[in-house]
Trainee: 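Pasting in a structure now, in structure tokens, and then I'll have a few things to ask.
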Amino acid sequence: MYEKITAYANIFEDNAVPKADLPGKIESFSNDFMQSGFMVSDAMEAMGERAFAGKEALKKDAPTMTAEEVCICLSAFIQQEAFIPGILLDLVQQGVIPALIRRLKELDV
């Protein structure tokens with residue numbers, strides 16, 4: 001169900017692609033997620049307290065999130081990119097998005 005999105009897990013893992021290629025891969029991920037049907041339009045509101053959580057807290061919570069929670073977080077991050085350019089790149093490099101994608105992959109078994 002989430003194959004197209006979870007295929008990015010290996011791409012975003014520790015230096016799997018050259019740094020110069022990462023922005024293009026992130027843009028592809030963002031576009032694929034927006035077209036997947038899993039995008040949550042009110043994600044920022046739906047994130048609730050998580051909207052204020054730090055990167056480490058989000059990574060720590062990822063292994064116990066539901067698929068819906070993962071999609072809410074990813075949707076919120078994609079929406080934030082319009083206002084905070086570079087946030088997706090930072091979240092990939094800090095391991096937050098890879099952790100969320102790994103969780104989605106676990107749930108898709």
Side-chain angles (χ1 to χ4, degrees):
M1 183 159 124
Y2 302 107
E3 299 87 9
K4 192 167 190 175
I5 302 309
T6 59
Y8 286 91
N10 294 335
I11 294 170
F12 292 155
E13 291 299 324
D14 304 313
N15 301 315
V17 297
K19 284 191 180 227
D21 294 344
L22 196 52
K25 298 293 184 186
I26 291 170
E27 184 176 345
S28 294
F29 165 76
S30 180
N31 290 333
D32 286 344
F33 190 82
M34 286 189 285
Q35 295 172 11
S36 70
F38 303 120
M39 189 75 179
V40 179
S41 60
D42 64 344
M44 290 305 296
E45 293 170 32
M47 267 188 90
E49 292 178 15
R50 278 203 173 100
F52 302 104
K55 295 171 195 166
E56 290 303 315
L58 287 167
K59 281 194 311 192
K60 184 178 116 332
D61 290 349
T64 60
M65 286 185 186
T66 65
E68 179 182 11
E69 290 172 318
V70 170
C71 289
I72 287 170
C73 287
L74 292 173
S75 296
F77 299 151
I78 290 169
Q79 290 169 356
Q80 287 176 334
E81 181 72 21
F83 304 102
I84 309 169
I87 192 167
L88 291 176
L89 176 62
D90 182 56
L91 290 167
V92 166
Q93 291 175 328
Q94 297 299 319
V96 176
I97 290 177
L100 293 170
I101 294 172
R102 277 192 308 274
R103 177 60 178 160
L104 204 55
K105 193 171 190 173
E106 290 171 3
L107 294 169
D108 202 25
V109 182

Trainee: Determine yes or no for a side-chain-to-main-chain donor-acceptor pair under 3.5 angstrom, with Arg103 supplying the side chain and Met65 the backbone.
Mentor: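 Yes, Arg103 side chain to Met65 backbone: donor-acceptor pair under 3.5 Å.
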Trainee: Check side chain to side chain contact (heavy atoms under 4.5 Å, CB included) between Leu89 and all other residues, then give those that pass, not counting sequence neighbours.
Mentor: Leu22, Ile26, Gln93
Trainee: Can you sort out the partners of Ala57 under side chain to side chain contact (heavy atoms under 4.5 Å, CB included), two or more places apart, ordered by chain and number?
Mentor: Ala53
Trainee: Could you give the distance from OG (Ser75) to CZ (Phe38), rounded to the nearest 0.5 Å?
Mentor: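 The CZ atom of Phe38 is 10.5 Å from OG of Ser75, to the nearest 0.5 Å.
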Trainee: Could you report the tightest heavy-atom contact between Ser41 and Gln79, atom names first, then the distance?
Mentor: O-NE2, 3.2 Å
Trainee: Please find the pair of heavy atoms, one from Thr6 and one from Ile101, that lie closest to each other, and give the distance.
Mentor: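 Scanning both residues completely, I find the closest heavy atoms to be CA-CG2, 3.6 Å.
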Trainee: Between Tyr2 and Lys105, is the side chain to side chain contact (heavy atoms under 4.5 Å, CB included) condition met? List the steps.
Mentor: CA-CA 7 Å; Tyr2 302 107; Lys105 193 171 190 173; over 6 Å; no
Trainee: Is the backbone of Glu27 close enough, under 3.5 Å, to the side chain of Ser30 for a donor and an acceptor to pair up by distance?
Mentor: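 Flag not set: sc Ser30 to bb Glu27 has no pair under 3.5 Å.
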Trainee: Are Leu107 and Val96 connected in the hydrophobic side-chain network, where two residues link if heavy atoms are under 4.5 Å apart?
Mentor: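 No, it is not one cluster - the side chains of Leu107 and Val96 are not joined through contacts under 4.5 Å.
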Trainee: Which atoms form the tightest heavy-atom contact between Ala76 and Met44, and what is the distance?
Mentor: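 Closest approach of Ala76 to Met44: CB-SD, 3.5 Å.
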Trainee: Rounded at 0.5 Å granularity, tell me how far CE in Met34 sits from CD1 in Ile78.
Mentor: 6.0 Å
Trainee: Under 6.0 Å between ring centres: does that hold for Phe29 and Phe12?
Mentor: yes
Trainee: Minimum heavy-atom separation for Phe77 to Ile97, with atom names?
Mentor: CD1-CG1, 4.2 Å
Trainee: Can you tell me how far the CD1 atom of Ile5 sits from the CG atom of Leu100, to the nearest 0.5 Å?
Mentor: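 Going from CD1 on Ile5 over to CG on Leu100, the span is 12.5 Å.
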Trainee: How about CD on Glu106, more than 12 heavy atoms from neighbouring residues, nucleotides or ligands closer than 6.0 Å, or not?
Mentor: yes
Trainee: To the closest 0.5 Å, what do you measure between CD (Glu13) and CZ (Arg102)?
Mentor: 4.5 Å
Trainee: Where the side chain of Glu3 meets the backbone of Asp108, is there a donor-acceptor pair that is under 3.5 Å apart?
Mentor: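 Not at all, since once roles are kept as given, no pair shorter than 3.5 Å links the two residues.
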Trainee: Taking all non-hydrogen atoms of both residues into account, name the closest pair between Ile72 and Ala43 and its distance.
Mentor: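 The answer is O-CB, 3.4 Å.
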Trainee: Can you list the residues that meet the side chain to side chain contact (heavy atoms under 4.5 Å, CB included) rule with Thr66, with sequence neighbours excluded?
Mentor: Glu68, Glu69
Trainee: Between Ile87 and Glu81, what is the shortest heavy-atom contact and its length?
Mentor: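 Heavy-atom minimum between the residues: N-OE1, 3.1 Å.
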Trainee: Can you tell me how far apart NZ (Lys25) and CG (Asp32) are? Round to the nearest 0.5 Å.
Mentor: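 Answer for the NZ-CG pair, Lys25 versus Asp32, is 10.5 Å.
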Trainee: Could you tell me whether a side-chain N or O of Lys55 sits under 3.5 Å from a main-chain N or O of Asp90, the two making a donor and an acceptor?
Mentor: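 No, because the side chain of Lys55 does not come within donor-acceptor range (under 3.5 Å) of the backbone of Asp90.
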